[in-house]
2 protein chains.
Amino acid sequence: MVKLFSALSDETRLRIIKLLGAGERCVCDITAALDMSQPNVSFHLSILKEAGLISDRKDGKWVHYSLAEGDLFSRFLVISICEKYSNDDDSSRLKNSCKSRACS
Amino acid sequence: MVKLFSALSDETRLRIIKLLGAGERCVCDITAALDMSQPNVSFHLSILKEAGLISDRKDGKWVHYSLAEGDLFSRFLVISICEKYSNDDDSSRLKNSCKSRACS
DNA sequence: CTCTTATATAAGTATATATTGATATGATAC
DNA sequence: GTATCATATCAATATATACTTATATAAGAG
């Protein structure tokens with residue numbers, strides 16, 4: 001339970017959950033949307049994955065992350081975050097990234 | 001939202017919420033139940049209070065803390081914690097403390 | 001095979017957080 | 001008044017966390 005709340009107690013990770021709420025994304029798109037260094041994004045993704053909140057799928061060079069099917073409580077938290085949290089800058093950066101890449 | 005999850009991402013603070021789930025408690029009883037230093041307990045109480053999860057009431061020498069009336073989301077979290085989390089050692093220490101004091 | 005792209009990991013650093021011990025405040029008892 | 005008890009705050013320290021730079025791995029493209 002501490003691990004779950006710890007995973008959610010960081011703005012970057014809430015932004016990632018919000019992004020994934022709109023559907024599966026590869027690391028490069030998440031990195032572009034967050035406008036952060038790739039190792040840092042990988043670091044936050046690993047924490048969310050470790051907490052059981054997201055899952056990954058390998059596809060060639062790319063790794064696609066999406067919201068995980070967790071227990072009722074975790075899913076309620078994720079849904080609440082997607083509903084309450086918003087970051088327009090992230091989504092506009094994401095759109096530009098998706099247009100210029102082959103990963104999706 | 002980050003502040004809320006941060007407040008919940010610590011075992012000591014989950015223990016405090018669980019204790020307060022059974023009713024209002026003064027700092028000395030919480031300190032006894034947690035078996036921790038009093039300044040440390042005050043520190044954690046201040047974080048929970050700042051996050052809007054608990055509220056306090058002065059009564060002479062004593063300060064009594066209890067779960068706050070928050071928004072729906074906060075209350076859901078607190079209820080879930082009280083339901084999922086348990087620490088038998090805390091409650092037995094609490095009982096002994098309450099027997100030997102005048103604060104409640 | 002070499003080059004590039006996507007991602008993860010490791011080492012180092014900076015900042016944040018938890019904890020303790022000492023002290024201050026404020027209320028009650030004597 | 002002084003002494004005592006309950007709580008909060010401060011200073012110092014230890015540990016955890018976020019972030020960066022550099023590097024490793026692994027998959028395609030040429």
Side-chain angles (χ1 to χ4, degrees), chain A residues 2-17 19-20 24-51 53-66 93-94 97-104, chain B residues 2-17 19-20 24-51 53-66 93-94 97-104:
Chain A
V2 172
K3 183 183 270 186
L4 177 60
F5 286 127
S6 296
L8 297 175
S9 64
D10 179 275
E11 174 139 21
T12 301
R13 295 195 284 271
L14 295 186
R15 289 165 71 194
I16 291 174
I17 287 175
L19 279 173
L20 297 184
E24 184 184 70
R25 300 287 174 224
C26 71
V27 179
C28 55
D29 281 340
I30 300 170
T31 302
L34 298 177
D35 196 22
M36 280 186 167
S37 72
Q38 177 270 316
N40 195 23
V41 172
S42 277
F43 165 72
H44 287 294
L45 287 170
S46 73
I47 289 175
L48 288 169
K49 186 183 170 188
E50 180 68 22
L53 291 164
I54 63 176
S55 55
D56 59 348
R57 173 178 72 81
K58 286 203 77 169
D59 172 29
K61 286 195 290 188
W62 294 282
V63 178
H64 299 270
Y65 281 88
S66 55
R93 275 191 297 261
L94 179 64
S97 172
C98 287
K99 273 185 216 159
S100 61
R101 284 169 192 277
C103 52
S104 46
Chain B
V2 171
K3 182 183 268 185
L4 178 61
F5 286 127
S6 296
L8 298 174
S9 64
D10 180 275
E11 173 139 22
T12 300
R13 295 195 284 270
L14 295 185
R15 288 164 71 192
I16 291 174
I17 287 175
L19 279 173
L20 297 183
E24 185 184 71
R25 300 288 174 221
C26 72
V27 179
C28 57
D29 280 340
I30 300 171
T31 302
L34 298 178
D35 196 21
M36 281 187 167
S37 72
Q38 177 271 314
N40 195 22
V41 171
S42 277
F43 165 73
H44 287 295
L45 288 170
S46 72
I47 288 175
L48 288 170
K49 187 184 169 187
E50 179 68 23
L53 291 163
I54 64 176
S55 55
D56 58 349
R57 174 178 72 81
K58 287 203 76 167
D59 172 30
K61 286 193 290 189
W62 295 282
V63 179
H64 298 270
Y65 282 88
S66 54
R93 276 192 297 260
L94 179 66
S97 172
C98 289
K99 273 184 216 160
S100 60
R101 285 169 190 276
C103 50
S104 47

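Proteins get letters first, then strands, A, B, ... in listed order; numbering begins at 1 in each. Remember, predicted model here, so these are calculated numbers, not experimental data.
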What is the distance, to the nearest angstrom, from the [atom1] atom on [X] to the [atom2] atom on [N]?
| X | N | atom1 | atom2 | value |
| --- | --- | --- | --- | --- |
| B/Tyr65 | D/dA8 | OH | P | 4 Å |
| A/Asp29 | C/dT5 | CG | P | 16 Å |
| A/Ile16 | D/dA18 | CD1 | P | 11 Å |
| B/Asp10 | D/dT15 | CG | C1' | 13 Å |
| A/Asp56 | C/dA6 | CG | P | 18 Å |
| A/Leu45 | C/dA6 | CG | C1' | 13 Å |
| B/Asn40 | C/dT19 | CG | C1' | 5 Å |
| A/Leu34 | D/dC19 | CG | C1' | 14 Å |

key: 5′-ward residue of the pair A/Phe43/A/Trp62 relative to DNA chain C   = A/Trp62
Using OP1 and OP2 only, check whether a side-chain N or O of [X] sits under 4.0 Å from [N].
| X | N | answer |
| --- | --- | --- |
| A/Ser42 | C/dT7 | no |
| A/His64 | C/dA6 | no |
| B/Ser37 | C/dT20 | yes |

ask   = Looking only at atom types and distance, does a side-chain atom of A/Arg13 sit under 3.5 Å from a main-chain N or O of A/Ser6, one as donor and one as acceptor?
value =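 Indeed, once roles are kept as given, a pair shorter than 3.5 Å links the two residues.
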query = When you measure from the side chain of A/Ser97 to the backbone N and O of A/Arg93, does any donor-acceptor pair fall under 3.5 Å?
reply =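 Not confirmed, A/Ser97 side chain does not pair with A/Arg93 backbone.
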request  = Compute whether any side-chain donor of one residue and acceptor of the other, for B/Glu50 and B/Ser46, lie under 3.5 angstrom apart.
outcome  = no
request  = Evaluate the side-chain proximity of B/Asp10 to A/Val2: yes if any heavy-atom separation is below 4.5 Å, no if none is.
outcome  = no
message = I'd like to know whether A/Leu34 forms a side-chain contact (heavy atoms from CB on, under 4.5 Å) with A/Leu19, so could you lay out the CA-CA distance, the side-chain angles of the two residues, the decisive distance to 0.1 Å, and finally the verdict.
response = CA-CA 9 Å; A/Leu34 298 177; A/Leu19 279 173; 4.1 Å; yes
query = Pick the nucleotide of DNA chain D nearest each of A/Asp59 and A/Ile47; which residue has the one closer to the 5' end?
reply = A/Ile47
task = Counting heavy atoms from C-beta on, name the nucleotide in D/dA22, C/dT19, D/dA6 closest to the side chain of A/Pro39.
result = D/dA22
ask   = Which nucleotide in the list D/dG28, C/dT7, D/dT7 gets nearest to the side chain of A/Val63?
value =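 Selected nucleotide: C/dT7.
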key: C/dA6 base / A/Gln38 side chain donor-acceptor hit below 3.5 Å   = no
